[in-house]
Amino acid sequence: MKLTKHDHACVRVEKNGKVLVIDPGAFTRGPVLDGADAVLITHEHADHVDVDKLKAASPGLEIYTCEAVAAGLTEVPGKVQVVRAGDGFEAAGFRVQVFGEWHAFNHPDMAIVQNVGFLLDDEVFYPGDALTDPGVEVPTLLVPTSAPWLKLGEVVEYLRKLRPARAYSTHDALYSEIGLGLVDNWLRMEADKQQADIRRIPVGESVTIS
């Protein structure tokens, strides 16, 4: 399984010639959907879903997301399928399980929207904008490290609760280069403490998980 980090919250996962893209939002640049077989979308915020990208994508693209996002994708040519917590399905050759229902609390004047997390092949868990505990082993965690709803202490607590063998930063476009340096340092300290591979993958770079 090859995992490539794209801008902000977008990750591209490849296996056996198939491509699955998670959360190709408005902060994600480049042709991230080229060659994609399926897309998973965690929630409706623009940094996680870009409707124009999906409109321009292949009509053969399969899109799996929560009900609130699906309601806004009526003009997208790909096949849109609604999923919710407890569901399991196959997409682009990956076995996918769905966990969680709601976005983390963000602002007192903003409604809490639907948010679903995805576990791929019992290996990679992407929680979206929430610190969801799926209640199962998470070998590889894609951990959000920057958001209006998120504090550093919460990131550390989440890593220590799930104790993944590997954790890679996501949701990190809000940082400057100085901020990214701080993220690298925080994750390095936690990696040393847990004796795990916890770090930030630079945009455009990949890791292979066997």
Novice: Is it the case that Lys18 places NZ or CZ above or below the six-membered ring of Phe94, under 6.0 angstrom from the centre and within 45 degrees of the axis?
Specialist: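 Judged by the rule (NZ or CZ under 6.0 Å from the ring centre, within 45° of its axis), Lys18 is not positioned above Phe94.
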
Novice: What about Met1 and Val11, same hydrophobic cluster or not, with Ile/Leu/Val/Met/Phe/Trp/Tyr joined at side-chain heavy-atom distances under 4.5 Å?
Specialist: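 Linked within one cluster.
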
Novice: Hey, does Arg84 have a side-chain heavy atom less than 4.5 Å from the side chain of Glu101?
Specialist: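 No - every pair of side-chain heavy atoms lies 4.5 Å or more apart.
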
Novice: Any sub-3.5 Å donor-acceptor pair from His45's side-chain atoms to Asp47's backbone N or O?
Specialist: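 No; judged by distance alone, with no hydrogens or angles, the pair does not exist.
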
Novice: Run the salt bridge (charged side-chain N to carboxylate O under 4.0 Å, His left out) check on Arg166 and Glu123 step by step: do they pass?
Specialist: CA-CA 10 Å; Arg166 292 163 295 278; Glu123 175 64 51; 2.6 Å; yes

Novice: Between Arg12 (side chain only) and Val32 (backbone N and O only), is there a donor and an acceptor less than 3.5 Å apart?
Specialist: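 At least one qualifying donor-acceptor pair exists.
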
Novice: Going by the rule ring-ring contact (aromatic ring centres under 6.0 Å, His included), which residues pair with Phe118 if we only count those two or more places apart in sequence or in a different chain?
Specialist: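 Phe118 satisfies ring-ring contact (aromatic ring centres under 6.0 Å, His included) with no residue once adjacent residues are dropped.
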
Novice: Roughly how far, to the nearest 0.5 Å, is the CD atom of Glu44 from the CG atom of Asn115?
Specialist: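 The CD atom of Glu44 is 10.0 Å from CG of Asn115, to the nearest 0.5 Å.
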
Novice: side-chain contact (heavy atoms from CB on, under 4.5 Å) between Val143 and Val155: does it pass, once the steps are laid out?
Specialist: CA-CA 8 Å; Val143 58; Val155 176; 4.0 Å; yes

Novice: Would you check, one step at a time, whether the test side-chain contact (heavy atoms from CB on, under 4.5 Å) holds for Val51 with Leu73?
Specialist: CA-CA 7 Å; Val51 177; Leu73 301 182; 3.9 Å; yes

Novice: Please determine whether salt bridge (charged side-chain N to carboxylate O under 4.0 Å, His left out) holds for the pair Arg199 and Asp184, giving the CA-CA distance in whole Å, both sets of side-chain angles, and the decisive distance to 0.1 Å.
Specialist: CA-CA 6 Å; Arg199 56 191 168 96; Asp184 290 340; over 6 Å; no

Novice: Does CD in Glu154 sit with more than 12 non-hydrogen atoms of other residues, nucleotides or ligands closer than 6.0 Å?
Specialist: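 Yes.
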
Novice: Atom CZ in Arg200, atom CZ in Arg188: separation rounded to 0.5 Å?
Specialist: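 One gets 10.0 Å once the value is rounded to the nearest 0.5 Å.
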
Novice: Does any N or O in the side chain of Lys15 come within less than 3.5 Å of the main-chain N or O of Gly93, such that one atom is a donor and the other an acceptor?
Specialist: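 Answer holds: yes.
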
Novice: Over 60° means perpendicular and under 30° means parallel, so classify the ring planes of His48 and His43, tilted if in between.
Specialist: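 Ring orientation, 0 to 90° scale: tilted.
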
Novice: Test salt bridge (charged side-chain N to carboxylate O under 4.0 Å, His left out) on Asp133 and Lys161; report intermediate values, then the result.
Specialist: CA-CA 8 Å; Asp133 180 357; Lys161 185 174 186 178; 3.7 Å; yes

Novice: Okay, side chain of Tyr175, backbone of Thr145: is any donor-acceptor separation there less than 3.5 Å?
Specialist: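 Answer holds: yes.
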
Novice: Under 4.0 Å between a Lys/Arg side-chain N and an Asp/Glu carboxylate O for Lys5 and Asp172?
Specialist: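 Yes, Lys5 and Asp172 are salt-bridged.
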
Novice: Indicate whether the side chain of Asp23 and that of His8 have a donor and an acceptor atom separated by less than 3.5 Å.
Specialist: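 No.
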
Novice: Ignoring hydrogens and geometry, is there a side-chain-to-backbone donor-acceptor pair from Glu90 to Arg95 under 3.5 Å?
Specialist: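 No; zero donor-acceptor contacts below 3.5 Å.
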
Novice: Okay, side chain of Tyr158, backbone of Thr132: is any donor-acceptor separation there less than 3.5 Å?
Specialist: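 Yes.
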
Novice: Taking Phe125 as the starting point, is it possible to reach Leu120 by hopping between hydrophobic residues whose side chains are less than 4.5 Å apart?
Specialist: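 In one cluster with Leu120: Phe125, no.
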
Novice: Do Leu182 and Val156 belong together in a cluster built from hydrophobic side chains that touch within less than 4.5 Å?
Specialist: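 Same hydrophobic cluster.
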
